Amino acid sequence: MNKQEVILCEKLAEDLLNAMNSKPFDKLFVLTDKHTAVLCLPAIQDLLQKHDAISITIPAGDINKNLDTLAYVWTQLSQQGATRHSLLINLGGGMTTDLGGFAAASFKRGIRYINIPTTLLAMVDASVGGKTGINFNGLKNEIGAFAPASSVLIETEFLKTLDQENFFSGYAEMLKHGLISNADHWAELLNFSSDPIDYQLLKVLVGKSVKIKEDIVEQDPFEKGIRKALNLGHTVGHAFESMSFEENRPVLHGYAVAWGIVCELYLSSIKTGFPTDKLRQTVQFIKENYGCFGIDCNCYEKLFDYMLHDKKNTAGVINFTLLKEVGEICINQSATKDEIFEMFDFYRECMGL
Ligand SMILES: NC(=O)c1ccc[n+]([C@@H]2O[C@H](COP(=O)([O-])OP(=O)(O)OC[C@H]3O[C@@H](n4cnc5c(N)ncnc54)[C@H](O)[C@@H]3O)[C@@H](O)[C@H]2O)c1
Ligand SMILES: O=C(O)C(=O)C[C@@H](O)[C@H](O)[C@H](O)COP(=O)(O)O
Ligand SMILES: [Zn+2]
């Protein structure tokens, strides 16, 4: 996989011009969702107009990270004359960068694209590392490809219009990066005050967080081994998220990941010896800032079935990424169905359900 350029911008328009001109292109397209078209596009509009950029706007929200929206983007590219030598800019959150990235990867077997993430989640996680795709058949990211953006341009000024829920959604992936990296970073994340947000400090934390992801992706771009660390909290988190969509009580990705972290740290404590004091502190932080996703014991089988679709599984065995300590990663861990159900009991007990 090509090494991806990731820039923490001081001057977005300048960095974008350089990234665009790093290779020739014939036509320029910009993909936004309904919100980023209004909130974020003006920051690069002058530059885009100079290049006669064609704008494609899709509906917002993960519920639209689907085949219909993807087909709409393919149609727009095709009807508006995109060629193999065209360039797509994805300006938005992880929904836009995942779907736009896959549209670029698949259109005429692949065109170049640039990501400009506009949510915290997309800045620290989704825009980097080349995982692109859509939800399908009720399952998260069921269809997709590894196809990195040629450049990722992070402008943290965009975070100033993000609502609190989307702030915390992204913060969950940062917490995941803290847990898989080192105790100092994990502790500084637990101590960061979001009321009010210190945007200067947040920019520093974004830089650290995205670096943790970049370093892991560079070692293992196709998730054969250590990249599975980046999936901590997702075996269960994706099951919660899929269930939330099916039952028409949708939750944001990062919230599902936070609750997945609660579950998977519990499994870590019983299977790989993760310290109970760090489990308690992390659970406390998540409970205070994320509330909980309501489940009872009738949900266990359904959640288990969702987990059988996790991409880390082989031969029907559910595969977890667990921790021995903060920063000590154990990939390819299995658990019995009884242990998994006991994990859900723990989740309900600590969430007061
Ligand atoms: N590819 C990866 O490695 C990876 C990693 C993590 C998550 N993801 C995926 O990312 C998606 C979630 O991404 P997300 O949390 O960014 O969601 P999102 O893209 O749906 O954005 C959340 C909301 O914020 C709005 N928004 C975007 N930028 C804004 C801004 N600057 N100000 C105000 N509002 C803004 C969007 O319009 C949307 O309504 C999920 O589909 C998840 O599966 C992918
Ligand atoms: O980059 C990765 O690798 C990740 O697993 C990052 C996750 O935060 C992200 O949600 C990813 O899309 C999950 O991928 P999946 O392979 O479990 O669908
Ligand atoms: Zn994630």
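Counting starts at 1 for both ligands and their atoms, in listed order. Computed from a prediction, not measured in an experiment: that's the story for all the values here.
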> Evaluate Ile89 against Ile116 for side-chain contact (heavy atoms from CB on, under 4.5 Å), listing each step before the verdict.
CA-CA 7 Å; Ile89 297 171; Ile116 307 181; 3.8 Å; yes
> Does any N/O atom on Phe158 come nearer than 3.5 Å to any N/O atom on ligand 1?
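Between Phe158 and ligand 1, an N or O pair is found under 3.5 Å apart.
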> Parallel under 30°, tilted from 30 to 60°, perpendicular over 60°: which one fits the rings of Phe344 and Tyr300?
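Tilted.
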> In plain terms, say whether Glu223 and Lys131 are close enough for a salt bridge, that is, a side-chain N and a carboxylate O under 4.0 Å apart.
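Salt bridge flag = yes for Lys131 with Glu223.
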> Using ring centroids (six-membered ring only for Trp), state whether Tyr290 and Phe168 fall under 6.0 Å.
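Yes, ring centres under 6.0 Å apart.
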> Below the 3.5 angstrom mark, is there an N/O of Thr119, backbone or side chain, next to an N/O of ligand 1?
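Right, the criterion is met.
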> State the atom name: nearest N, O or S atom of Glu173 to the Zn ion (ligand 3).
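Closest to the Zn ion (ligand 3) among those atoms: OE2.
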> So, is Thr118 polar-close to ligand 1, with some N/O to N/O distance under 3.5 Å?
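Yes.
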> Pairs of nitrogen or oxygen atoms closer than 3.5 Å, one from Glu173 and one from ligand 1: do any exist?
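Glu173 vs ligand 1: no N/O contact under 3.5 Å.
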> Could you tell me whether Asp163 and ligand 1 have an N or O pair separated by under 3.5 Å?
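No.
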> Going by an N to O cut-off under 4.0 Å, is there a salt bridge joining Lys27 and Asp52?
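Salt bridge between Lys27 and Asp52, a charged N being under 4.0 Å from a carboxylate O: no.
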> Taking both backbone and side chain into account, is any N, O or S atom of Asp125 nearer than 2.8 Å to the Zn ion (ligand 3)?
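Short answer: no, not a single N, O or S atom is under the cut-off.
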> Looking only at distance, does His238 have an N or O less than 3.5 Å from an N or O of ligand 1?
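So ligand 1 has no N or O lying under 3.5 Å from an N or O of His238.
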> Below 4.0 angstrom from a heavy atom of His253, which ligand 2 atoms are there? Numbered from 1 as shown, please.
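Reading through ligand 2 atom by atom, the close ones are 10 (O).
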> At less than 4.0 angstrom from any non-hydrogen atom of Asp125, what atoms of ligand 2 do you find?
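So the answer, numbered in order with elements, is 6 (C), 7 (C), 8 (O).
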> If we check salt bridge (Lys or Arg N to Asp or Glu O under 4.0 Å) with Lys271, which of these qualifies: Glu264, Glu339, Glu342?
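Running salt bridge (Lys or Arg N to Asp or Glu O under 4.0 Å) over Glu264, Glu339, Glu342 with Lys271 returns exactly one hit, Glu339.
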> With nothing but distance in play, are any N or O atoms of Asp98 less than 3.5 Å from an N or O of ligand 1?
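Yes, at least one N or O pair falls under 3.5 Å.
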> Do Glu142 and Lys311 meet the salt-bridge criterion of a basic N to acidic O distance under 4.0 Å?
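So Lys311 does not pair with Glu142 through a salt bridge.
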> Should you measure from each heavy atom of Lys176, which atoms of ligand 2 turn up under 4.0 Å away?
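Ligand 2 atoms under the 4.0 Å threshold to Lys176: 6 (C), 7 (C), 8 (O).
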> Give the single entry among Lys311, His234, Lys228 that approaches atom 18 (O) of ligand 2 most closely by any heavy atom.
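Residue with the shortest heavy-atom distance to the ligand atom: Lys311.
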> Out of Lys140, Glu173, Lys131, Lys213, who is nearest to atom 1 (O) of ligand 2 when you count heavy atoms only?
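It is Lys213 whose heavy atom sits nearest to atom 1 (O) of ligand 2.
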